[in-house]
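Just follow the structure's listing: the first ligand is 1, and inside any ligand the first atom is 1.
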Amino acid sequence: MTTIGVLGGSGAVGRVVVDRLAAWEPGGRLRVGGRDPRRAAAACAQVTGAGAEPVRVDLNDDAELRAFCAGCDVVVNCAGPSYQVLDRVARAALAAGAHYVDAAGDVVAADALCDGHVPGLGDRAALFSAGLMPGLSGLLPRLLAVDGPPPSRLDVYVGGAVAIGPVSAVDALLTRGPRFGTALAAWRHGAVVPNALRPLRSVALPGFRGRVHAWPFLSAEASRLAADLGVDELRNYTVYVTDAIPHALAVAWADEDAPPERHVPAVVAAAEADLAATGPYYTMLFQAVHRAPAPGRARRLVLRTPDSYALSGVVAALAARDVLAGRVPPGVHFAADVLDPRRTLTRLTGDPLVTGVELT
Ligand SMILES: NC(=O)c1ccc[n+]([C@@H]2O[C@H](COP(=O)([O-])OP(=O)(O)OC[C@H]3O[C@@H](n4cnc5c(N)ncnc54)[C@H](OP(=O)(O)O)[C@@H]3O)[C@@H](O)[C@H]2O)c1
C-alpha cells in the first residue's frame with residue numbers, strides 16, 4: 001500500500017494536495033503533518049477515500065521530521081516559508097527512502113540540496129517548484145513551442161487577486177536578488193538583458209479583469225524556459241490588480257535591516273485590498289510570436305482559476321502522482337522541466353479549480 005506524507009497538509013496549498021490525493025489514490029494511506037494536530041485532523045476529516053492520518057510534526061525538530069518521513073513512498077512538502085525551509089524536508093524524505101515533491105522551493109532550495117552529497121537520492125526523484133508560479137508558469141508555455149520551430153518571442157503574464165497568508169507573505173518578501181530573477185530584464189538571444197522593459201501601467205490584457213499593472217520580472221524559471229526552448233526573446237510579467245502589493249514590497253525592501261516578518265502584515269493587507277478591488281481571480285496568459293506561423297499552431301494559452309494557492313495544491317498532487325507512477329526520472333529536478341505539459345493541462349482542464357482554459 002502506498003503511503004504519502006503531506007507536510008503542511010492543513011495549509012492553503014496542502015489541504016488541496018490532501019483532497020486530490022485522497023480521491024486519486026483511494027487505496028493509499030495519507031499522513032497529514034503540521035504543528036497543530038487539530039488543524040491536521042480537520043484536513044483529514046475533509047476527505048473520503050484514502051485513509052488520512054493526522055500527525056503532529058514540527059519540521060524544525062529532527063526526530064519528529066525523521067519519524068514523519070519514515071515509511072513514506074513520497075513526501076509532499078507544503079510547509080513554509082519555503083525560502084527558509086530550503087532543502088530540510090527534502091533531505092529527510094530522501095534519507096528515509098521516499099521521493100520528494102515541493103510545492104515551492106525554486107532555485108535556492110534545489111541548489112541547497114545539490115550542494116554536496118545527497119544521501120538517499122539514488123533512484124529517487126526530488127521535484128521542486130511544483131506549484132503555479134514557479135511551476136505551471138514554466139511548464140504550460142511549452143505547449144506553444146510544439147509542432148514547429150521555437151517561437152521567436154514568448155510573453156508570459158501571471159497574476160490576479162488572491163489572499164496571501166503569513167507564511168507565503170514571508171516567501172514573497174524573500175523573493176529578491178539575482179538567484180530569483182531580475183526586475184525589468186528580458187531574455188534576448190541567449191542572455192539576460194537588464195533594463196530592457198518598462199512596467200506596463202493600467203493595461204488591458206486577455207483573461208484579466210479591467211485594467212491591470214504588469215511588472216517585468218525575468219525569473220530564474222523564465223530564463224531556464226527561454227534557454228530550453230531557444231526563443232529569441234522572452235518577456236515575463238507579474239500582474240497586479242492594484243499598486244498595493246508592489247507598494248508593500250517596496251516599503252519592506254527599503255527597510256533593509258528588518259526581518260521579513262516585520263512586513264508580513266502589510267503584505268497580507270495589500271493582498272486583501274486587491275481582493276476587495278476585483279474579487280478573487282488569477283490568470284496565466286502565454287503568448288507566442290511564431291517564426292513560421294502555420295494554420296492550427298497555437299499562439300495563445302489562457303488559464304483561469306479563482307485561487308492560485310489551491311491550484312498549486314492540484315499541481316503538487318499531480319506531480320506526486322507522476323513521481324509514484326515512475327514518470328519522473330531519478331534525480332533533482334524542477335517540475336516544469338520533467339512534467340508533461342499536455343498531460344498536465346488535460347488533467348487541469350478537468351479540475352473544478354480551473355475555471356477556463358483557452359488554447360488558440
Ligand atoms: N509555487 C507556487 O505557485 C506557490 C503558490 C502558493 C504557495 N506556495 C508556497 O507554498 C507554501 C505553503 O503556503 P500556504 O499559503 O499554503 O501556507 P499556510 O496556509 O500557512 O500553510 C502552511 C502549512 O505548513 C504547516 N507548517 C508551518 N510551519 C511548520 C513547521 N515548522 N513544521 C510543520 N508544519 C508547519 C502549517 O501547519 P501548522 O501551522 O499547524 O504547523 C500549515 O499546514 C509556502 O512556502 C508558499 O510560498 C507556492
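Of the polar atoms of Arg35, at least one N or O is found under 3.5 Å from an N or O of ligand 1, judged by distance alone. Annotation: Leu7 places no N or O atom under 3.5 Å from an N or O atom of ligand 1; distance criterion only. Some N or O of Gly8 is nearer than 3.5 Å to an N or O of ligand 1, by distance alone. The N/O atoms of Ser308, backbone and side chain alike, include none that comes under 3.5 Å of an N/O atom in ligand 1. Geometrically, ligand 1 and Pro81 share no nitrogen or oxygen pair separated by less than 3.5 Å. Close N/O approach between Gly14 and ligand 1 is not found [any backbone or side-chain N/O within under 3.5 Å]. Annotation: Leu132 places an N or O atom under 3.5 Å from an N or O atom of ligand 1; distance criterion only. The shortest N/O to N/O separation between Leu59 and ligand 1 falls below 3.5 Å.
If you check each of Ala109, Ala103, Gly131 against atom 48 (C) of ligand 1, the one with the closest non-hydrogen atom is Ala103. With atom 42 (C) of ligand 1 as the reference point, the heavy atom nearest to it among Ser10, Ala335, Ala79 is part of Ser10. Compare Gly33, Ser312, Ala169 by their heavy atoms: the one nearest to atom 2 (C) of ligand 1 is in Ser312. Considering Val167, Asp171, Val17 only, the shortest heavy-atom separation from atom 17 (O) of ligand 1 involves Val167. Taking each of Arg39, Arg56, Gln84 in turn, the one with a heavy atom nearest to atom 36 (C) of ligand 1 proves to be Arg39. Here the shortest heavy-atom distance to atom 12 (C) of ligand 1, taken over Gly80, Cys78, Ala172, Ala104, belongs to Cys78.
With salt bridges taken as basic N to acidic carboxylate O contacts below 4.0 Å, none links Arg327 and Asp340. Contact check on Arg35 versus Asp61 returns no salt bridge, with no Lys/Arg side-chain nitrogen under 4.0 Å from an Asp/Glu carboxylate oxygen. A salt bridge links Arg142 with Asp337: the closest approach of a Lys/Arg side-chain nitrogen to an acidic carboxylate oxygen falls below 4.0 angstrom.
Looking only at protein heavy atoms, the nearest one to atom 13 (O) of ligand 1 is Ser168 OG, 3.2 Å.
In terms of the salt bridge (charged side-chain N to carboxylate O under 4.0 Å, His left out) criterion, residue partners of Glu233 (sequence neighbours excluded) are, by chain and number, Arg188, Arg235.
Listed by number with element, the atoms of ligand 1 under 4.0 angstrom from any heavy atom of Met133 are 1 (N), 2 (C), 3 (O). Using a 4.0 Å cut-off to heavy atoms of Asn60, the atoms of ligand 1 that qualify are 31 (N). Proximity to Pro134 (heavy-atom distance under 4.0 Å) selects the following atoms of ligand 1: 1 (N). Each of the following atoms of ligand 1 lies closer than 4.0 Å to a heavy atom of Ser82: 45 (O).
Remark: the Asp73 side chain and the His99 side chain contain no N/O donor-acceptor pair separated by less than 3.5 Å. Thr242 and Asp274 share a side-chain donor-acceptor pair at under 3.5 Å. In this model, a donor atom of one side chain and an acceptor atom of the other lie less than 3.5 Å apart for His290 and Arg297.
Within the 4.0 Å heavy-atom criterion, the part of Val57 lying near ligand 1 is the backbone and not the side chain.
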Task: Test log, rule side chain to side chain donor-acceptor pair (under 3.5 Å), inputs Ser82 and Asp171 - done: CA-CA 6 Å; Ser82 186; Asp171 279 331; 4.7 Å; no
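Residue contact check for ligand 1: Gly165 places no non-hydrogen atom closer than 4.0 Å to it. Heavy-atom separations between Gly135 and ligand 1 are all 4.0 Å or longer.
Relative to the ring axis of Trp187, Arg224 does not place its NZ or CZ within 45° and under 6.0 Å from the centre.
With hydrogens and angles disregarded, no donor-acceptor distance shorter than 3.5 Å links the side chain of Arg56 to the backbone of Asp36.
The one candidate from Thr2, Thr3, Val18 that meets the side chain to side chain contact (heavy atoms under 4.5 Å, CB included) condition with Leu30 is Val18.
Counting only residues at least two apart or in different chains, ring-ring contact (aromatic ring centres under 6.0 Å, His included) contacts with residues 328-360 are absent.
Relative orientation of the Trp215 and Tyr240 rings is perpendicular, given thresholds of 30° and 60° on the angle between their planes.
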